[in-house]
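What follows is a single structure, written as structure tokens, with notes after it.
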Amino acid sequence: MNLKKNIPFRSGKFSNFRQIVQTFPRDLKLLQTIVTSGLIVKTAALGGFVTKVQAATFTLPIEAAAKATGVDVLRDRYGLDGTGITIGVLSDSFATAKTFDASNNLDTYATNIANGYLPSNVNVLKDYAKPSTTDEGRALLQIIHAVAPGANLAFHTSLSNTDSFGQGIQALAAAGADIIVDDWGYRYPPIAPPNTPLNLLDLEPPNGPINQAINVVVNQGISYFTSADNNYLPPNRRVPIYGHPNNPNALTVGAVYYGNAKSYSSKTFDVVVKQGQLEPFSSEGNPDSFKPDVVAPDGLAISFNLGGGSPLDANPDFYTFLGTSASAPFTAAVAALLLEGDPSATPNEIYDALRDTADSPSLGFKSRLGFGLIQADDAIVGLGVEPKPVPEPSATLGLLGVGVLIVGLRLKPFSRSSRL
């Protein structure tokens, strides 16, 4: 399935946004677009001009994902980088595994700082030093830093049980996190036989320590993001979303491929997955459940071979991070940009902004797509945030000397549909 531009607006706060857009005639010849070269191109019926603006740069090569989700617009046009926002991450470990880069050199937190993949002030509240960790938390933080390089970062291990996981959530909140994201969960057994009842898989009941901690921090005004997992597996091994990703106070994220390669071949599913397609493994929600909420890019570049099994990226200096574990931190970083733009936004307002402006091939909710692919540029408009003023052009329009005024509403050219 390839996602195409067809934004499903639901009732609520963002219905006004749809009405505003629909008041503009289809043949209006006033367009604005942001391109990665840093040019804002504005055209009018009788003339035009081009104005240079600052182009976003990324600490990792994630341009395909940034363009597909409008992150480049928030970075370029709005000047947002997550400054003033703290993002907390829960995963296995941060700096305890022995990892290597694409040149087979040792890859560590220190080398990540030197290469600009991470800042020097990550607040590591608690790491996990026992064998079999992969430093997946460091990979999540690299993705977050690439999207929101101005954000403060914190880490707490999600191991080794549900109690310590819940304690980690509360510790990150106490450390000042505005946004928390995880890519971990607990179930028994790790690989279940077909048709195992869900109540025998789930070690995270609604009243368990993880869900209780999520409820507490969201009530404190902290947004919570989690991965939907990768359990849509053939044949007859499809486990629906379980545990805390079903918590309505969390935003649950599935995966759409937007790596640097135009496509990749999945041996497990015997398919070729192209940019813009739902990942074949991205988990399905339970019946009558609105989970996952949204999908976001995976296939993102990271600096090290995560767990020894990551494929090399199309950019030969990096590895590719596949899975909803990559999509969730990407979304959390987008939320940091939104929260910087509107510091008063509540978790529910952030969630609604992402859900109600998501991009889907059809209206409404789908059990694996949720409400669609996140669109940061539409979400920021829905929150009512104004972009930075466009610099005055050096030359006036020809012929009639007509001036062009771009107001806070961004008018999207139809050509953007080709990106999905």
Side-chain angles (χ1 to χ4, degrees), residues 1-10 14 17-18 21 34 62-75 143 146-147 181 225-230 232 241 245 251-260 262-264 273-285 290-300 321-335 337-338 350-383 410 412-420:
M1 179 184 296
N2 216 75
L3 298 183
K4 298 183 183 297
K5 195 69 184 174
N6 183 13
I7 299 173
F9 290 93
R10 299 184 293 126
F14 294 89
F17 175 55
R18 173 183 60 184
V21 173
I34 309 289
I62 59 164
E63 285 78 9
K67 291 176 67 176
T69 56
V71 165
D72 56 342
V73 176
L74 268 64
R75 293 283 303 278
I143 291 170
V147 175
V181 59
F225 295 81
T226 187
S227 59
D229 215 333
N230 312 309
Y232 199 77
I241 292 173
L251 191 100
T252 304
V253 187
V256 169
Y257 176 70
Y258 266 109
N260 288 316
K262 296 295 184 182
S263 64
Y264 78 93
V273 183
K274 298 179 181 179
Q275 280 186 351
Q277 287 186 324
L278 180 71
E279 288 285 16
F281 49 74
S282 190
S283 290
E284 184 173 36
F290 288 105
K291 296 290 182 178
D293 296 84
V294 293
V295 291
D298 80 336
L300 305 175
F321 190 178
L322 292 167
T324 60
S325 289
S327 306
F330 186 96
T331 307
V334 168
L337 303 182
L338 297 177
I350 295 291
Y351 300 164
D352 283 345
L354 292 168
R355 286 187 294 236
D356 290 2
T357 62
D359 184 358
S360 178
S362 59
L363 293 175
F365 175 85
K366 301 298 179 184
S367 63
R368 295 182 65 211
L369 282 172
F371 289 101
L373 179 68
I374 62 169
Q375 299 293 289
D377 49 347
D378 292 331
I380 197 83
V381 173
L383 286 172
R410 187 179 59 78
K412 293 188 294 185
F414 299 110
S415 62
R416 288 187 64 197
S417 62
S418 64
R419 77 187 188 193
L420 298 178

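Throughout, residue positions are numbered sequentially from 1 according to the sequence presented.
Going from atom CD1 of I350 over to atom CZ of R355 covers 11.5 Å, rounded to the nearest 0.5 Å. A distance of 8.0 Å separates CG of D377 from OG1 of T357, quoted to the nearest 0.5 Å. Rounding to the nearest 0.5 angstrom, the gap separating the OH atom in Y257 from the OG atom in S327 is 12.5 Å. Distance check, rounded to the nearest 0.5 Å: CZ of F371 to CG of D352 gives 9.5 Å. Atom OG1 of T252 sits about 3.5 Å away from atom NZ of K291, to the nearest 0.5 Å. For the atom pair OG of S325 and CG of L300, the computed distance is 11.5 Å after rounding to the nearest 0.5 Å.
Smallest separation of non-hydrogen atoms from V295 and A255: CG1-N, 4.0 Å. A pairwise comparison of heavy atoms in Y258 and P297 identifies CB-CB, 3.8 Å as the closest pair. The two residues V334 and I374 make their nearest non-hydrogen contact at CG2-CD1, 4.0 Å. Here the shortest heavy-atom pairing between E279 and R368 reads O-NH2, 3.0 Å. Minimum heavy-atom separation, A296 to V253: CB-CG1, 3.7 Å. Here the shortest heavy-atom pairing between A379 and A353 reads CB-O, 3.5 Å.
Within the 4.5 Å cutoff, the side chain of T69 has heavy atoms near those of the L373 side chain. F225 has its side chain out of reach of D293: every pair of non-hydrogen atoms, C-beta onward, lies at least 4.5 Å apart. Using a 4.5 Å heavy-atom cutoff, the side chains of P361 and L369 are in contact. Using a 4.5 Å heavy-atom threshold, the side chains of L338 and L74 count as touching.
The backbone N or O of T324 lies less than 3.5 Å from a partner atom in the side chain of N230, making a donor-acceptor pair. Looking at T226, its side chain never comes within 3.5 Å of a backbone N or O of P245 through a donor-acceptor pair. S283 places a side-chain N or O within 3.5 Å of a backbone atom of A228 that can act as its donor or acceptor partner. Without hydrogens or angle criteria, Q375 side chain to A68 main chain gives a donor-acceptor distance under 3.5 Å.
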| said: Would V147 and F330 count as a side-chain contact (heavy atoms from CB on, under 4.5 Å) here? Give the steps. | reply: CA-CA 7 Å; V147 175; F330 186 96; 3.7 Å; yes

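Residues F281 and Y232 keep their aromatic ring centres 6.0 Å or farther apart.
The 12-atom threshold is exceeded at OH of Y264, counting heavy atoms of other residues, nucleotides or ligands nearer than 6.0 Å.
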